[in-house]
Number of protein chains: 2
Amino acid sequence: MTNALEVTAPDGVPYLDAAREFDYPARQVFRAHVDPEVYAEWIGPDRLTTRVDGFEPVSGGSYRFVQTDDDGGEFAFRGVFHTVRPDEFILQTFEYEGYPDHASLEYLHFEDLPGGRSRMHGRSLYPSVETRDNFLSSGMEAGMAAGLDKLEQLLAFATA
Amino acid sequence: MTNALEVTAPDGVPYLDAAREFDYPARQVFRAHVDPEVYAEWIGPDRLTTRVDGFEPVSGGSYRFVQTDDDGGEFAFRGVFHTVRPDEFILQTFEYEGYPDHASLEYLHFEDLPGGRSRMHGRSLYPSVETRDNFLSSGMEAGMAAGLDKLEQLLAFATA
């Protein structure tokens with residue numbers, strides 16, 4: 001996998017930056033973020049199954065999804081879309097309901113690269129460095145990486 | 001005025017912290033943040049008149065307001081409410097439409113103090129230190145302070 005997720009979490013600031021390239025155009029990667037059925041297929045680590053429970057990917061809309069593990073454990077996430085600009089930009093809040101009032105603000109940009117490829121990059125802002133580090137120590141980065149690998153596999157399958 | 005706004009903007013981090021006390025209970029200060037007619041009376045500096053153009057202060061709702069100066073200049077702001085918990089907590093996004101894609105995430109807590117007084121405190125997270133400093137250099141702090149002074153005057157008038 002050459003299109004690996006790169007996460008940077010600088011010391012002393014309450015955010016992290018993430019970037020990943022895809023062998024597919026920005027519009028396809030964007031679509032995988034706003035189609036609830038596709039989103040449920042790829043978001044999160046492999047061991048969790050996702051059920052979307054509301055998904056309005058437009059400026060001013062809301063979303064909620066619930067992830068379930070094999071032992072019946074449930075993990076719910078919710079947020080609001082501040083801006084959704086097709087094929088380009090998503091700005092949304094994100095909260096794990098098990099860690100309430102620690103929502104982050106997520107900037108996500110989609111950009112085309114030559115040769116039908118694209119690059120997605122973003123910044124997630126947390127209410128404190130401690131909150132960011134708690135998310136990181138929960139295995140978030142591995143879950144993001146696994147999810148985005150699945151996203152690329154879905155695009156490969158859809159375009160095969 | 002002993003209940004002055006205190007703003008702290010530490011070097012090198014993309015947020016600012018703000019706090020202010022009021023001679024009125026948390027529930028009254030909270031209400032002034034969620035009643036659109038009252039909100040339009042106090043938000044912003046004296047020289048601007050505010051028109052609320054959508055205001056749904058519930059979790060998942062949106063808002064927009066437009067401020068006008070005597071020369072006909074217009075300044076529009078919009079955002080989404082991630083969480084609204086009556087009398088206690090508001091978590092929302094905030095964007096000046098003239099500076100698009102630089103939205104902040106605003107944490108706002110309302111707490112009662114002895115003697116019928118209360119304290120409001122919050123953190124605003126910006127996408128970068130530069131964005132925060134651009135807002136600060138635009139006179140935002142003076143505008144916030146003037147607005148909250150007006151809020152307290154409205155409460156004094158309403159309870160006189």
Side-chain angles (χ1 to χ4, degrees), chain A residues 8-18 53-65 76-85 88-97 99-111 121-133, chain B residues 8-18 53-65 76-85 88-97 99-111 121-133:
Chain A
T8 313
D11 284 344
V13 291
Y15 60 77
L16 62 81
D17 291 330
D53 180 25
F55 204 76
E56 298 171 278
V58 294
S59 302
S62 304
Y63 70 91
R64 183 171 188 268
F65 61 89
F77 303 85
R78 73 172 180 93
V80 280
F81 293 103
H82 178 95
T83 299
V84 176
R85 198 156 57 233
E88 279 182 24
F89 182 55
I90 297 174
L91 175 52
Q92 67 185 69
T93 61
F94 175 87
E95 182 174 13
Y96 169 43
E97 294 183 6
Y99 192 23
D101 299 346
H102 289 261
S104 54
L105 182 63
E106 321 244 299
Y107 279 79
L108 200 51
H109 300 268
F110 303 83
E111 293 171 354
H121 63 97
R123 173 166 290 183
S124 299
L125 292 143
Y126 297 87
S128 67
V129 176
E130 185 187 5
T131 296
R132 179 200 68 177
D133 292 344
Chain B
T8 313
D11 284 343
V13 291
Y15 60 77
L16 62 83
D17 291 329
D53 180 26
F55 204 77
E56 298 171 279
V58 295
S59 303
S62 305
Y63 71 90
R64 183 172 187 268
F65 61 89
F77 303 84
R78 72 172 182 93
V80 281
F81 293 104
H82 179 95
T83 300
V84 176
R85 198 156 57 235
E88 278 182 22
F89 182 55
I90 297 174
L91 175 52
Q92 66 185 68
T93 61
F94 175 88
E95 182 175 10
Y96 168 44
E97 293 183 5
Y99 193 23
D101 299 346
H102 289 261
S104 54
L105 183 62
E106 320 244 300
Y107 280 79
L108 199 52
H109 301 269
F110 303 83
E111 294 171 354
H121 64 97
R123 173 166 290 184
S124 298
L125 291 142
Y126 297 87
S128 68
V129 177
E130 184 188 4
T131 296
R132 180 201 66 177
D133 292 345

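The chains referred to below are lettered A, B, ... by the order of the sequence lines, with proteins before strands, and numbering in each begins at 1. Both backbone and side-chain heavy atoms feed into the values below; hydrogens, waters and symmetry mates do not.
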Top contributor to chain A contacts, counting heavy-atom pairs under 4.5 Å, from B/G12, B/S62, B/S59, B/P14: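 Among B/G12, B/S62, B/S59, B/P14, the one with the most close pairs to chain A is B/P14.
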Non-hydrogen atoms of chain B under 4.5 Å away: do they reach the side chain of A/S128, the backbone, both or neither?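 The answer is both parts of A/S128.
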The side-chain hydrogen bond (donor to acceptor under 3.5 Å, both in side chains) partners of A/E88 (sequence neighbours excluded) come to A/R85
Set of residues satisfying side-chain hydrogen bond (donor to acceptor under 3.5 Å, both in side chains) with respect to B/T83, sequence neighbours excluded: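 Applying side-chain hydrogen bond (donor to acceptor under 3.5 Å, both in side chains) to B/T83 gives A/R78.
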With rounding to the nearest 0.5 Å, note down the distance linking OH in A/Y107 to NE2 in B/H102. 7.0 Å
Check the surroundings of atom CD in A/E130: do more than 12 heavy atoms from other residues, nucleotides or ligands lie under 6.0 Å from it?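 No, the 6.0 Å shell around CD holds no more than 12 heavy atoms from other groups.
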Pick from [options]: which one has the most heavy-atom pairs with chain B under 4.5 Å?
| options | value |
| --- | --- |
| A/T93, A/L105, A/D101 | A/D101 |
| A/V80, A/L91, A/V129 | A/V80 |
| A/H82, A/E56, A/E95 | A/H82 |
| A/F89, A/F81, A/Y63, A/Y126 | A/F89 |

